[in-house]
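Please read the structure below before turning to the comments.
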Amino acid sequence: MPFEKNVFVNCPFDKEYLSYLRPLLFTLVSCGLEPKLSQTKDSGRVRIQHIYDLIKSSKYSIHDLSRMKAKKVGELARFNMPFELGLDMGARFSAPRNNRLSQKKFLIIDKEQFRYKAALSDLSGNDIEVYDNRPEMLVVKTRNWLLTHLRKRIDSGTVIWKNYNEFYFEFQESLEQEGYGSLDFEEMKFDEMIFYIKRWIKTRKI
Amino acid sequence: MIYHKGVASRLENAALHNSERIHIISQTGRWAVWKEGAKRASKIFDTREEAIAAARKLQSTKEHTIVVHNIDGSIRKVFNK
């Protein structure tokens with residue numbers, strides 16, 4: 001996929017975040033983009049190199065900082081997301097003007113407004129979109145941000161959200177009919193899920 | 001890309017046909033009744049229960065399957081026709 005279509009998705013990959021990640025992937029594909037995730041494919045490969053390769057191959061990036069705070073006493077906060085945001089910004093700022101990396105666009109998202117000012121004050125001045133722990137809001141905010149950069153006609157966030165709900169039902173039904181259980185769905189690699197999303201969207205447009 | 005041909009085939013078939021299901025979907029903090037393939041919601045309600053009741057009325061005039069979603073789009077309940 002060309003640089004202009006790739007979106008580096010920097011977010012948690014755990015079960016709890018699936019409620020947000022799945023609609024986010026669906027939104028990106030709906031807008032004609034190719035999500036790139038660092039979910040490990042080759043355990044023998046140095047992970048950070050793989051992440052940096054994804055960063056360099058993507059014009060767009062979405063960084064979710066919602067796990068910067070531990071949820072309970074004794075639990076450590078997750079630093080992968082802010083770290084990868086730093087790598088991504090470094091790639092853009094260190095690139096010469098005529099290099100495509102200098103054109104990179106970032107969407108930074110969090111579940112709460114202004115929290116980053118205390119935890120990551122260097123980001124002051126950047127736009128941070130807040131989705132209030134609502135998957136639908138994440139779809140709408142992502143779609144609206146993409147519209148400002150893609151300059152093409154894309155469905156409204158409401159329509160994308162409605163389509164995602166329809167897709168979810170038909171996908172789950174198709175999986176069940178082929179003997180998949182809830183664990184198979186939960187543990188499905190994102191590359192495979194993206195493949196099915198593309199198939200569904202492409203067919204639906206016929 | 002490794003994928004399951006059966007799943008892909010069933011999914012494509014489902015996408016190709018409008019099965020006229022009614023979906024109850026979370027929308028701007030309320031609950032919307034959407035007919036499959038429609039460009040806009042039929043009606044929006046404050047509670048999911050109200051939306052289900054309205055969809056049930058539509059179901060009684062024509063035999064639709066009603067799919068009730070959770071706030072994240074996953075499936076809460078299905079009322080078959």
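Bear in mind the structure is a predicted one, so any value in this text is a computation, not a measurement. Chain letters run A, B, ... following the sequence lines, proteins first, then strands; residues in each count from 1.
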What part of [X] lies closer than 4.5 angstrom to a heavy atom of chain B: side chain, backbone, both or neither?
| X | result |
| --- | --- |
| A:Phe195 | side chain |
| A:Arg134 | side chain |
| A:Trp161 | side chain |
| A:Tyr164 | side chain |

So what's closer than 4.5 Å to chain A heavy atoms on [X]: side chain, backbone, both or neither?
| X | answer |
| --- | --- |
| B:Thr28 | both |
| B:Arg40 | neither |
| B:His23 | side chain |
| B:Ala41 | neither |
| B:Val67 | side chain |

Side chain to side chain donor-acceptor pair (under 3.5 Å) filter on A:Lys198, not counting sequence neighbours, yields A:Glu34
Can you find a pair of side-chain heavy atoms, one from B:Ile24 and one from B:Val33, that are under 4.5 Å apart? yes
Could you tell me if the side chain of B:Ile52 sits less than 4.5 Å from the side chain of B:Ile66, heavy atoms only? no
Any side-chain donor paired with an acceptor under 3.5 Å for A:Glu176 and A:Tyr180?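 Checked: A:Glu176/A:Tyr180 side chains show no N/O donor-acceptor pair below 3.5 Å.
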Taking the six-membered ring for Trp, is the centroid-to-centroid distance between A:Tyr131 and A:Tyr20 below 6.0 Å? yes
Answer yes if the ring centres of A:Phe190 and A:Phe13 are under 6.0 angstrom apart, and no otherwise.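 Yes, the ring centres sit under 6.0 Å apart.
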Should the pair B:Arg10 and A:Phe171 be classed as cation-pi, given the thresholds of under 6.0 Å to the six-membered ring centre and 45° from the axis?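 No - B:Arg10 does not lie over the ring of A:Phe171 by the 6.0 Å and 45° rule.
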Best-contacting candidate, B:His17, B:His69, B:Gln27, against chain A by heavy atom pairs under 4.5 angstrom: B:His69
Looking only at heavy atoms and a cut-off of under 4.5 Å, which of B:Ile71, B:Asn13, B:Ile75 has the most pairs with chain A?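 The candidate making the most pairs under 4.5 Å is B:Ile75.
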Considering residues at least two apart in sequence or located in another chain, which fulfil the salt bridge (Lys or Arg N to Asp or Glu O under 4.0 Å) criterion with A:Asp184?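 By the salt bridge (Lys or Arg N to Asp or Glu O under 4.0 Å) rule, A:Asp184 matches no residue at all.
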Could you tell me which of A:Glu192, A:Gln172, A:Glu173 has the largest number of non-hydrogen atom pairs under 4.5 Å with chain B?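 Ranked by contacts with chain B, first place is A:Glu192.
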